[in-house]
Structure formats: structure tokens, C-alpha cells
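Here's the structure, in C-alpha cells; my notes come after.
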Amino acid sequence: GLQYMDGLPRTQQYSFGVEQQLGKNQVVSVTYVGNHGQKLLNRYQYSFLNATTNPNVRPGTTLFITRNDDKAGGYSYYNGLQVSYMRRMSRGLQVMANYTYSRANDAFSNDSTINSSKVPNSVADQDASVFYGLSDYDRPHIFNLALVYNIPTLKSDNAALNWIEKIFTNGWVTSYNFKYQSGTPYSVNIIYYDLLNGTRTTSLRMNKVSGQPLYINDPKIRGGLAINPAAFSIPSANLQPNQALIVNGDSGRNEYRGP
């Protein structure tokens with residue numbers, strides 16, 4: 001493998017928040033949080049399986065290059081608005097709630113992914129923007145709610161009832177938790193297997209078919225919807241046996257979102 005470094009990877013982080021107390025026991029806060037990653041490490045693969053792609057490279061050669069320059073290096077953006085509410089324990093009730101509305105985009109979500117150049121085996125055409133899209137970790141909506149409630153102490157004049165109350169009600173605390181978040185973004189891919197050379201499998205994005213809906217009804221699936229196979233097609237370059245010439249289709253990385 002080769003490595004081309006254009007300085008160190010860097011991340012800028014910034015935030016701004018306001019907080020307001022409501023009475024003695026409640027606080028509301030609103031915060032903006034953002035970050036921007038630059039010159040992140042990206043790995044690219046070149047497969048020269050035969051002389052048809054580059055006669056100057058020995059057939060069977062596979063190269064891996066790590067780059068972080070302005071064109072081929074990764075970059076990321078995150079912007080989020082966070083609203084939180086907290087009620088300290090008062091009259092037997094404690095509440096903690098928060099909601100985040102955000103968007104996370106990047107060219108690559110981790111530095112272990114191995115990518116292909118825009119034009120097969122062309123160092124000059126390595127372009128991180130081809131892979132720019134929603135981050136694997138993007139969740140536009142996240143809501144959390146937690147409650148703690150002290151069951152009121154009961155005291156009956158009846159000795160038998162008082163004994164039962166001490167066991168089943170007095171000193172008991174209940175808690176409740178609820179969480180909602182948006183689904184995971186995903187790409188629609190095919191798996192290309194190099195049958196001729198038996199080297200490795202490669203995951204590639206498919207082409208979109210105009211006029212076709214993304215989902216179709218399917219009563220056998222929970223939720224009643226399934227991905228429409230007719231909405232996508234395999235790029236023609238991926239129907240030939242030379243792995244060095246395969247390409248990604250025109251569907252975007254993480255263009256779709258699951259439930």
C-alpha cells in the first residue's frame with residue numbers, strides 16, 4: 001500500500017447554548033452543536049488484473065493508496081439543534097427529556113472503507129465528493145424521555161391495611177423510559193464477484209430507473225412495504241468479467257432511509 005498525506009486530519013467543533021430556569025425545579029436549555037472534519041483519511045483500491053487497463057503495470061497487481069488531500073481526502077459536517085428539559089425531584093416526580101434535530105454528512109463514515117476511483121484505476125480521478133452523502137450515523141430526529149415517580153406513602157388507621165401498604169406501596173419508586181429515533185440511511189448495492197480471477201467481492205451502488213417507485217406493497221413484510229426491484233438496474237460496466245473496469249451506479253451513497 002501507498003500513502004499520500006497532505007497535513008494532519010483535523011476537526012473543528014463549535015457550540016452555542018442558552019438556558020432558562022422555570023420556577024425552582026425546572027430548567028430548559030437550547031443548544032446548537034456543530035463540527036466540520038477536513039483532510040480525513042480515505043483508502044482507494046486499484047486492481048490491474050490484466051494488461052487491458054494499464055499495459056505499464058504488471059498483471060495481477062493490486063494497489064491500495066491512502067490519501068487526505070483536498071480532492072481525494074474525506075470531509076464531514078454535522079449540525080444539530082438540541083432542546084432539553086429537566087425537572088428535579090419535586091412532589092414525587094422527576095423528568096428528563098431531550099430532543100435533537102440534526103444532519104450528518106460525510107464522504108466516508110470510517111477510515112477502514114476501501115473505495116474505487118471515479119474512473120477505474122485512475123489516480124487523477126480519485127474524488128471524495130463522489131461518495132459524499134448522509135453519514136452512516138445520521139439520525140435527523142432523536143427524542144428521549146425518562147420519568148421517575150415516587151408512589152405516595154399511604155397510612156391507614158387499620159393495622160392490617162397499614163401492614164399491606166408498607167409492603168406493596170410505601171417506599172416504592174417507578175421509572176419510565178421512552179426513546180424515538182429516525183431510521184438508518186442505506187444505499188442500494190450489488191455484490192460483484194470476480195469469478196475469472198477469484199480475487200475478491202466488491203460492493204457497488206446501482207443505477208436508478210426513472211419513473212419507478214422506491215417501494216411497492218408487500219403484505220408478507222412487516223409494515224406492508226418492500227423495496228421495488230424494478231427501481232434499480234445494474235450498471236452495464238458491471239456485467240463484464242474484468243473487475244478493474246467496474247463502477248458505481250448513479251444512486252447516491254446512503255440516499256435512502258430505513259424505518
Side-chain angles (χ1 to χ4, degrees), residues 1-12 35-78 104-138 184-208 232 234-256:
L2 304 175
Q3 184 166 303
Y4 175 77
M5 298 293 291
D6 182 20
L8 294 175
R10 57 177 180 255
T11 301
Q12 297 130 25
N35 65 62
H36 174 36
Q38 296 173 290
K39 298 183 179 296
L40 306 179
L41 300 180
N42 283 337
R43 301 176 66 195
Y44 295 88
Q45 173 184 307
Y46 302 89
S47 298
F48 301 94
L49 302 180
N50 53 56
T52 61
T53 53
N54 192 328
N56 299 315
V57 180
R58 181 179 178 180
T61 299
T62 298
L63 299 176
F64 298 93
I65 298 181
T66 300
R67 292 179 60 176
N68 77 331
D69 55 282
D70 290 337
K71 182 178 182 181
Y75 54 97
S76 63
Y77 293 91
Y78 173 83
N105 293 80
D106 57 33
F108 309 91
S109 295
N110 61 76
D111 59 7
S112 64
T113 301
I114 300 175
N115 306 282
S116 302
S117 55
K118 184 176 181 181
V119 176
N121 299 312
S122 172
V123 175
D125 286 287
Q126 287 179 331
D127 191 345
S129 65
V130 174
F131 303 94
Y132 185 74
L134 292 176
S135 170
D136 294 350
Y137 313 105
D138 180 65
T184 305
Y186 67 91
S187 308
V188 177
N189 297 335
I190 61 168
I191 300 298
Y192 179 96
Y193 179 69
D194 183 12
L195 186 62
L196 180 64
N197 296 281
T199 53
R200 65 191 298 269
T201 58
T202 304
S203 180
L204 299 160
R205 299 195 300 274
M206 298 184 69
N207 281 333
K208 293 183 287 188
F232 302 93
I234 300 175
S236 58
N238 301 341
L239 297 175
Q240 48 75 41
N242 191 342
Q243 186 183 12
L245 300 178
I246 59 179
V247 297
N248 276 300
D250 60 12
S251 61
R253 170 178 166 263
N254 286 343
E255 183 174 348
Y256 310 102

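As the structure is a computational prediction, the values presented were derived from the model and not from experiment. In this chain, residues are counted from 1 in sequence order. The analysis underlying the following values was restricted to heavy atoms, covering all of them including side chains, and did not include hydrogens, waters or symmetry mates.
- For the salt bridge (charged side-chain N to carboxylate O under 4.0 Å, His left out) test, residues two or more places apart in sequence or in another chain that qualify with D70 are K39.
- Using modelled atom types, one finds no donor on one side chain facing an acceptor on the other under 3.5 Å when comparing S187 with N189.
- Judged purely by atom type and a 3.5 angstrom limit, N42 has no side-chain atom pairing as donor or acceptor with the backbone of R67.
- R205 is linked by a salt bridge (charged side-chain N to carboxylate O under 4.0 Å, His left out) to nothing, counting only residues two or more places apart in sequence or in another chain.
- Between A107 and A128, the shortest heavy-atom contact is CB-O, 3.6 Å.
- In this structure, the side chains of V247 and N238 come closer than 4.5 Å at one or more pairs of heavy atoms.
- Here the closest non-hydrogen pair linking V188 and S251 is O-OG, 4.0 Å.
- Under a 3.5 Å cut-off, the side chain of H36 and the backbone N or O of S76 do form a donor-acceptor pair.
- The only option from F131, Y132, Y75 that meets the ring-ring contact (aromatic ring centres under 6.0 Å, His included) definition with F108 turns out to be F131.
- When all heavy atoms are compared, the tightest approach of N254 to L134 is ND2-O, 2.7 Å.
- Every residue meeting the side chain to side chain contact (heavy atoms under 4.5 Å, CB included) condition with S109, not counting sequence neighbours, appears here in chain and number order: D106, S135, D136, Y137, R253.
- Across every non-hydrogen atom of D250 and N207, the tightest pair is N-OD1, 2.8 Å.
- Rounded to the nearest 0.5 angstrom, N105 CG and Y78 OH are separated by 12.0 Å.
- Judged by distance alone, with hydrogens and angles left aside, the side-chain atoms of N68 form no donor-acceptor pair with the main-chain N or O of G74 at under 3.5 Å.
- Atom-to-atom distance recorded for L8:CG and L41:CG is 9.5 Å, nearest 0.5 angstrom.
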